[in-house]
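This report concerns only the one structure given below.
Protein chains get the first letters and strands the later ones, always in sequence-line order, with residue 1 at the start of each.
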Number of protein chains: 2
Amino acid sequence: MNKYKIDDVAKESGLTKRTIRYYEELGLLEAPERTEGGMRLYTREHIEHLKQIVNARDVLGFSLQEIQDFVRIREELEGRKQVYGQTVEDAQQLQQLLEIQTSLDAQIRMIEQKMEKMTEFRQELDRIYTRVTDGIKKFTP
Amino acid sequence: MNKYKIDDVAKESGLTKRTIRYYEELGLLEAPERTEGGMRLYTREHIEHLKQIVNARDVLGFSLQEIQDFVRIREELEGRKQVYGQTVEDAQQLQQLLEIQTSLDAQIRMIEQKMEKMTEFRQELDRIYTRVTDGIKKFTP
DNA sequence: TCTAACATTAACGTCAACGTCAACCTTTGC
DNA sequence: GCAAAGGTTGACGTTGACGTTAATGTTAGA
């Protein structure tokens, strides 16, 4: 089966059920299909998406608000696809793309800055590490 | 003068006075010297230390607790220096160094994992960026 | 020396990001 | 077909990381 209930999703993502619902409530995670009775039915895509969110949260230290900004970009791109058939004005479409590009630019610059700082931090750790191993050598000739 | 009062430190570090005192309360920042009347007098070292904390917090997304772990390592190393004169048993010193080394190992591995994930994230951004610029090209031949 | 400008502690307030609990409804396995 | 297991929506509780305010003391400069 390719439909998952919330507890399956919780187990695979490492999040609690509460958190998963909370992310949906915030608009971070797309609201899944429901059964007749109201039970949420997730797809693989939801799970992958959640893993990305966890990544951004834990690894990049993004707030849920910041992640929201990122998700919005993704959704605007998806949204564009859906209206492809209808004749949305070209100028407007272009305008939208340019805005997304600006947003992306900012995000990429931010990531690069973070990686730079992280490298610095790593080097600091390395320096300390060297000092420690040198110290150990003195005791174990 | 090489002594700073809390407002100077606040201005240079970008933190509020409240936050600076809070970090001291948590043990993140070393308690500074005081005047007769009880006013805190910081040194350049305090300021640099604070900047590192801000970096770890904002860039690496560390919680104050995680930063605390890092600060502890630094302090244990400094602490070792101070007792250098006294005859602390060699075996004990070595033991301490080995513990620090283990701690550092874990931290370095964590950082490396974060950088890996960050690279993934960057690539994802690049992919999206490409799609967007391709979309723009279609409108501007 | 006296006052305006800044510091200190203590205590309560706030906001994000969930945890937890209750009351109730669905599914599932025997 | 029925009980146990699991899901749903509120709603209130908690924790971390500070903000804010009050009451009071300290410094610096005219």
Notebook entry, point to check: Got a sec, which residues hit side-chain contact (heavy atoms from CB on, under 4.5 Å) with A:Q123, two or more places apart in sequence or on another chain?
Noted result: A:T119, A:R127

If you look only at distance, which donor and acceptor atoms sit under 3.5 Å apart when one is on a side chain in residues 101-111 of chain A and the other is two or more places apart or in another chain?
from   : atom 1 : to     : atom 2 : distance (Å)
A:Q101 : NE2    : B:Y129 : OH     : 3.4
A:T102 : OG1    : A:L98  : O      : 3.0
A:D105 : OD1    : B:Y129 : OH     : 3.4

Checklist line | With sequence neighbours excluded, residues passing salt bridge (charged side-chain N to carboxylate O under 4.0 Å, His left out) with B:E116 | finding: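 Applying salt bridge (charged side-chain N to carboxylate O under 4.0 Å, His left out) to B:E116 gives none.
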
Next item on the list: Please identify each residue that fulfils side chain to side chain donor-acceptor pair (under 3.5 Å) with A:E48, with sequence neighbours left out.
Entry: A:R44

Next item on the list: Using side chain to side chain donor-acceptor pair (under 3.5 Å) as the criterion, list what pairs up with A:K11, not counting sequence neighbours.
Entry: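 By the side chain to side chain donor-acceptor pair (under 3.5 Å) rule, A:K11 matches A:D7.
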
Next item on the list: For DNA chain D, determine which residues of residues 10-29 of chain B have any heavy atom closer than 4.0 angstrom to one of its atoms, and list them numerically.
Entry: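 Correct list: B:T16, B:R18, B:T19, B:Y22, B:Y23.
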
Note to self: So if I take residues 66-74 of chain A and measure heavy-atom distances to DNA chain D, which residues fall below 4.0 Å?
What the structure shows: none

Check: Between A:M118 and B:M118, is any pair of side-chain heavy atoms under 4.5 Å apart?
Finding: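 In contact.
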
Checklist line | Positional range of nucleotides in DNA chain C within the contact set of chain A, heavy-atom, under 4.0 Å | finding: C:dA17 to C:dT27

Notebook entry, point to check: Under 4.0 Å between a Lys/Arg side-chain N and an Asp/Glu carboxylate O for B:E25 and B:R21?
Noted result: no

Check: Could A:D134 and A:K137 be called an ion pair, given the rule that one side-chain N must be under 4.0 Å from one carboxylate O?
Finding: yes

Notebook entry, point to check: Just checking, any donor-acceptor pair under 3.5 angstrom between side chains of A:Q95 and A:E99?
Noted result: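 Side chains of A:Q95 and A:E99: pair found under 3.5 Å.
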
Notebook entry, point to check: A:D7 has an atom CG; how far is it from atom P of D:dG7, in whole Å?
Noted result: 5 Å

Note to self: Enumerate the salt bridge (charged side-chain N to carboxylate O under 4.0 Å, His left out) contacts for residues 49-64 of chain B, please, sequence neighbours excluded, ordered by first and then second residue.
What the structure shows: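 Qualifying pairs, neighbours excluded: B:E12-B:K51.
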
Check: For residues 26-36 of chain B, which residue pairs qualify under side chain to side chain donor-acceptor pair (under 3.5 Å), counting only residues two or more places apart or in two chains?
Finding: B:K3-B:E33

If you look only at distance, which donor and acceptor atoms sit under 3.5 Å apart when one is on a side chain in residues 59-71 of chain B and the other is two or more places apart or in another chain?
from  : atom 1 : to    : atom 2 : distance (Å)
B:S63 : OG     : B:Q65 : N      : 3.4
B:S63 : OG     : B:E66 : N      : 3.2
B:Q65 : NE2    : B:D69 : OD1    : 3.3
B:E66 : OE1    : B:S63 : N      : 2.9
B:Q68 : NE2    : B:L26 : O      : 2.9

Next item on the list: Output the residues of residues 34-42 of chain B in contact with DNA chain C, where contact means a heavy atom of the residue under 4.0 Å from an atom of the strand; sort by number or write none.
Entry: B:R34, B:G38, B:M39, B:R40

